[in-house]
Structures are given as C-alpha cells and as structure tokens.
Amino acid sequence: MNDNPSEHRPEQRQGRPQEPDQGGASITSFFHELRQTNSGVLLRISAIAAIGGLLFGYDTGVISGALLYIKDDLHAGTQAQQWIVSTLLLGAILGAVLSGYLADRISRKYTKVISGIVYVIGALGCAFAVNVPMLIGFRFVLGLSVGTASFVAPLYISEVSPPRIRGGLVSFNQLAITSGILLSYLVNFAFKDAANNWRWMLGVAVIPGAALAIGMLTVPHTPRWLMEQHREDDARGVLQKLREGDGKDSDVDGEIDEIKDAAKSERSSKLGDLFHGRLRPLLWIGLGLAIFQQFVGINTVIYYAPTILADTGLTKSASITQTVFVGVTNVVFTVVAVLLLDRVGRRKLLLTGTVGLTIALAVLGVYFTSRTLQQQAGWLALVALLVYIASFAIGLGPVFWLMISEIYPTGVRSKAMSVATVANWAANFVVAVTFLSLGQAITRQGTFFLYTGIGVVAFLFFLSRVPETSNRSLEDIQQELTAPRS
Ligand code: BGC
C-alpha cells in the first residue's frame, strides 16, 4: 500500500481546495496523526473545518422535514416548494464563485468569518419568515454562505495542515457533510411535534453558524495566503506555530519552498489549458462525475425523503422518523467507503455503488407503479431508499470529491476543481428545481425510471472513462488518460 504518496507525487504538495496528497484513504491515518500531534491549533482548526462541512450538510438536509410543515403553514404549492429548496443552491453557486475571489482578496480566514455571519443572518431570516417570498430570499442568503463554506473550508484546512495529513481531509469533509445531514434529520425529529416546528428546525442552524464566525476569529491566516501578500516572515511564523509540538521533524523552509513552487506553476497555467489538447479528457471526467453525481437524483432523496415516504401513506411524523434511518445509513456507509477506498480502489467502489443505486431506483419506480406493492409492501420503499443511499455513499458520494482532487496537474488543479464544484451545484439545482414538477408531468414512478436510465448511462461513462487513481502516480494516470485512443 502506498502509505505516503506525497513522496511519490512531489508536485501535489501545496495547493488549493481539498488538495489531498494521499487521497481519502488516509482518514484513519489522519485521525491517528491528529491524535499524535500536540498542536492544539491544528485540532481546533480541524474542528472548525468540520463545522464548514456540517453547515453544508445541515442546510441541505433540514429542509426535507421542514418542508412538510411549511407547505401547509405558508400555503406553498409545488412550484413554491421547489423554489424554497432550490434558491439555496442558486445562492451556493454564486457563493462558490465569489468565494474564490474573496478568499484571495480578504483572506481565507475573514471569508469564513463572513460566511458564518451571513449564515446566522440567513438562518434567523428563514426562522422568522412570514411568507414564501421572504423564506425564498433568506434561503438564497443561506446558500451564499453554504457555497462559500463548501469552497473555503477545505481550502483553508489544506493550507494549514502538514502534507502528510492533508490527504485525509477530503474524506473528512465528506464525513462532515453527511454528519450535518444526519444532524439536521435528528433536529427535524426532535422538533416535529413542537409548536412552530419548522421555524425551530431552520433556526437552530444559528448555533453552528455563530460557532464558525467566532471560531474563525481565533485561528491564524494560512501561510499560503500570507505568502501571496508578500508576508513571508508572517507565513514562516504561522508555520512554525502550526508545526510546534509536532512529534515529527517538521521542515518549515521546505514547506515555504513548496508554496513558492506551487504558486509559480499556477501562475504559468491558464484555465483555457483545460479546454484544449491533452488535458481535455480530464475536464470531461471531472464534469461527468460532477453532473452524474447529481443527475442520479441523490438530493431528491436528501431533500424529499419525507415527502417520498409520506406519499407511501405514512404520517408526516412517521416519515420524519424513518428519514433518520436514511441519514444514519448515509454516515455509516461513508465511513465504510473511506476505509475501503484505498484497499478496494476508487473505480471498483464507484462502479459497484452505481449498479446498486441504479437497481434501487428501478425498484422505487416499480413500487410506485404497482398498487398492490404500495398496499402490501410499504416497507419496500424504505428498503429501496436505504439501498440507494448506501450505494451512493460507498461510491459516487466520496469518489467524485476525491477524484477531482487527484486527476489534475498542480497548475490547473484549483481552477479545474472550482469548475467541477460549480457544475456540481448547478446540476444539483436543476434536479431540485424539477423533481416535484417532473412527478406531476411524468408521474413519480416515471421520474424514478428516468433516474434509473441516467444511472445506466452514468455506469457506462464511468466504465469507459474513469481510471483507477488509488496508489498510482499522477504522471501515470495522466499518461493513460491523455494517450490517443485506438
Ligand atoms: C454531494 C451532495 C449530497 C451529499 C449526500 C455529496 O457528495 O455532493 O450533493 O447532498 O453527498 O451525502
């Protein structure tokens, strides 16, 4: 096993968002190293990064339960419900685009402080919304913060962590997202019978938002950003502080040199490089993974699981309770995935997971087609949802984020990753804004059969295009991908 791929991939060391040196596989060594290190600063930073992912997950999940009550309370029809869910995603797209600029301009640290403050404003606005337009407006505000957090949290942490644990961060982040979703389902469960339940569900998010803003005020700027501001002495000071108490020999000068090299290589490459010639196949793989990750309908389950379950005849309260199983399954299988990604390989997990979720989608389609099944086998819908979410969590969920941080050369990596991230948010938006309308136009079962078809196409795309990246050098992967096809 490649225990320390950073030794084999020197060009991957210092970099932009979610840049791993060791892939997600190293989450176990990530926790191990984290335990070993004496640096309180690093531990605090990891906790704060986890809040970033948690916020991302919380807000994508919380709306699922809240929606059941909002639709009656604020008289929201199908269109209005879709917009309540989806404007957050529009905000997230804008937030992800703006945050790259802000993170360079005012620092990663203050961008995250602002993101926490905006989040608190958004959460309060949603909790006190008196009508649908106000709710939609504040969901957009929340989205700005979620998009920013999803981009800057991994960026910040990848720039402060020692190279040997940077790799575990991508998976750590996916784990934080799924934990955020589960947390939101538990909050939905806790408040389901309370007065003003949906207001509490949406309002509780003020707590992690405030924790993020205040927490970020207490951590340092990243060395990378300080170097970009020509503050090399400050960068060195921060690095020394971060690596203090680090049991292993730390090489602060070496890290400073890596930062300089990475910055030079980024300055000499352009985004346009991705669209022509050798690198183009890599762009397609990133975009394919980003779009298929959403087009197989994952977030219809995350956002609408209680709505789907309520359609099987369950009460609102029982639907919210059963949704908790969906959240737990998601977290448990994400843990299984991060433990297996290096051993089994990304490609195998991706393909197996895609087969599993496609079968589950077909079963959901059949279930909603057959009255007999609906009357006599109500459990089948829940089982299919659980198989679906487990299959996603074991493959496409973590593999997308991992692969886009592994397949691109240093010079274009941060740009390519932001293109893939924005494409992912945009595809997420398209699915969320059409799911309920599709249900009306081509029926609920028709919608699931449509996603089944997309699952088949996704499988064929992955089978023919996506390489194995675990335990291989970057040069090796790129050579395979960019060689002329026979
Ligand atoms: C996806 C999110 C999704 C989550 C579910 C992530 O990888 O990007 O859109 O909500 O997984 O666990």
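All ligand and atom numbering here is 1-based and tracks the order in the structure.
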Novice: So which heavy atom in the protein is nearest atom 12 (O) of ligand 1, and how far is it from that ligand atom?
Specialist: N330 ND2, 3.1 Å
Novice: What atoms of ligand 1 come closer than 4.0 angstrom to any heavy atom of N428?
Specialist: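 Taking each heavy atom of N428 in turn, ligand 1 has 9 (O) under 4.0 Å.
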Novice: Start with the C-alpha distance between T443 and F368, add both sets of side-chain angles, then the distance that settles side chain to side chain contact (heavy atoms under 4.5 Å, CB included), and finish with yes or no.
Specialist: CA-CA 9 Å; T443 70; F368 281 106; over 6 Å; no
Novice: With backbone taken as N, CA, C and O and side chain as the heavy atoms from C-beta onward, which portion of F400 lies under 4.0 Å from ligand 1: side chain, backbone, both, or neither?
Specialist: neither
Novice: Does the side chain of Y119 pick up a donor-acceptor pair with the side chain of D59 at under 3.5 Å?
Specialist: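 There is such a pair (donor and acceptor under 3.5 Å, judged by atom type) between the side chains of Y119 and D59.
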Novice: Between L364 and Y451, is there a side-chain heavy-atom distance shorter than 4.5 Å?
Specialist: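 No, too far: nothing below the 4.5 Å cut-off.
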Novice: At a non-hydrogen distance cut-off of under 4.0 Å, which region of T334 contacts ligand 1 (side chain, backbone, both, or neither)?
Specialist: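 Neither part.
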Novice: Return the closest protein heavy atom for atom 3 (C) of ligand 1 as residue, atom name and distance.
Specialist: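 Looking at atom 3 (C) of ligand 1, the protein heavy atom closest to it is N299 OD1, 3.5 Å.
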Novice: Run the numbers for me: atoms of ligand 1, each under 4.0 Å from some heavy atom of W401, listed by number.
Specialist: 6 (C), 7 (O), 8 (O)
Novice: So, T111 versus S99: side-chain donor-acceptor pair below 3.5 Å or not?
Specialist: no
Novice: Heavy-atom contacts with F392 under 4.0 Å: which atoms of ligand 1 show up? List them by number with element.
Specialist: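 It comes down to these atoms of ligand 1: 11 (O).
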Novice: Is there a polar contact between ligand 1 and Q174, counting only N or O atoms under 3.5 Å apart?
Specialist: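 Yes, there is a polar N/O contact under 3.5 Å.
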Novice: Could you give all pairs that pass the salt bridge (Lys or Arg N to Asp or Glu O under 4.0 Å) test and reach residues 80-98, with sequence neighbours left out?
Specialist: none
Novice: Kindly confirm or rule out an N or O of T60 lying under 3.5 angstrom from an N or O of ligand 1.
Specialist: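 No, there is no polar N/O contact under 3.5 Å.
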Novice: Scan side-chain atoms only and decide if N428 and Y303 contain a donor-acceptor pair under the 3.5 Å cut-off.
Specialist: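 Yes, side-chain donor-acceptor contact under 3.5 Å.
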Novice: For atom 5 (C) of ligand 1, what's the nearest protein heavy-atom neighbour? Residue, atom name and distance, please.
Specialist: I181 CD1, 3.7 Å
Novice: Among all protein heavy atoms, pick out the one at the shortest distance from atom 8 (O) of ligand 1; state its residue, atom name and that distance to 0.1 Å.
Specialist: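 Ranked first by proximity to atom 8 (O) of ligand 1 is Q293 OE1, 3.0 Å.
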Novice: Closer than 4.0 Å to some heavy atom of T178 - which atoms of ligand 1 meet that?
Specialist: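 Answer, ordered by atom number: 12 (O).
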Novice: Just by modelled atom types, is the L382 backbone N or O under 3.5 Å from a matching donor or acceptor in the Q322 side chain?
Specialist: no
Novice: Taking R199 for its side chain and A129 for its backbone only, find out whether a donor-acceptor pair lies under 3.5 Å.
Specialist: yes
Novice: Could you list the donor-acceptor pairs under 3.5 angstrom formed between side-chain atoms of residues 136-144 and any protein atom two or more places apart in sequence or on another chain?
Specialist:
from	atom 1	to	atom 2	distance (Å)
R139	NE	I84	O	2.8
R139	NH2	V85	O	3.4

Novice: Heavy-atom contacts under 4.0 Å between N424 and ligand 1: side chain, backbone, both, or neither?
Specialist: side chain
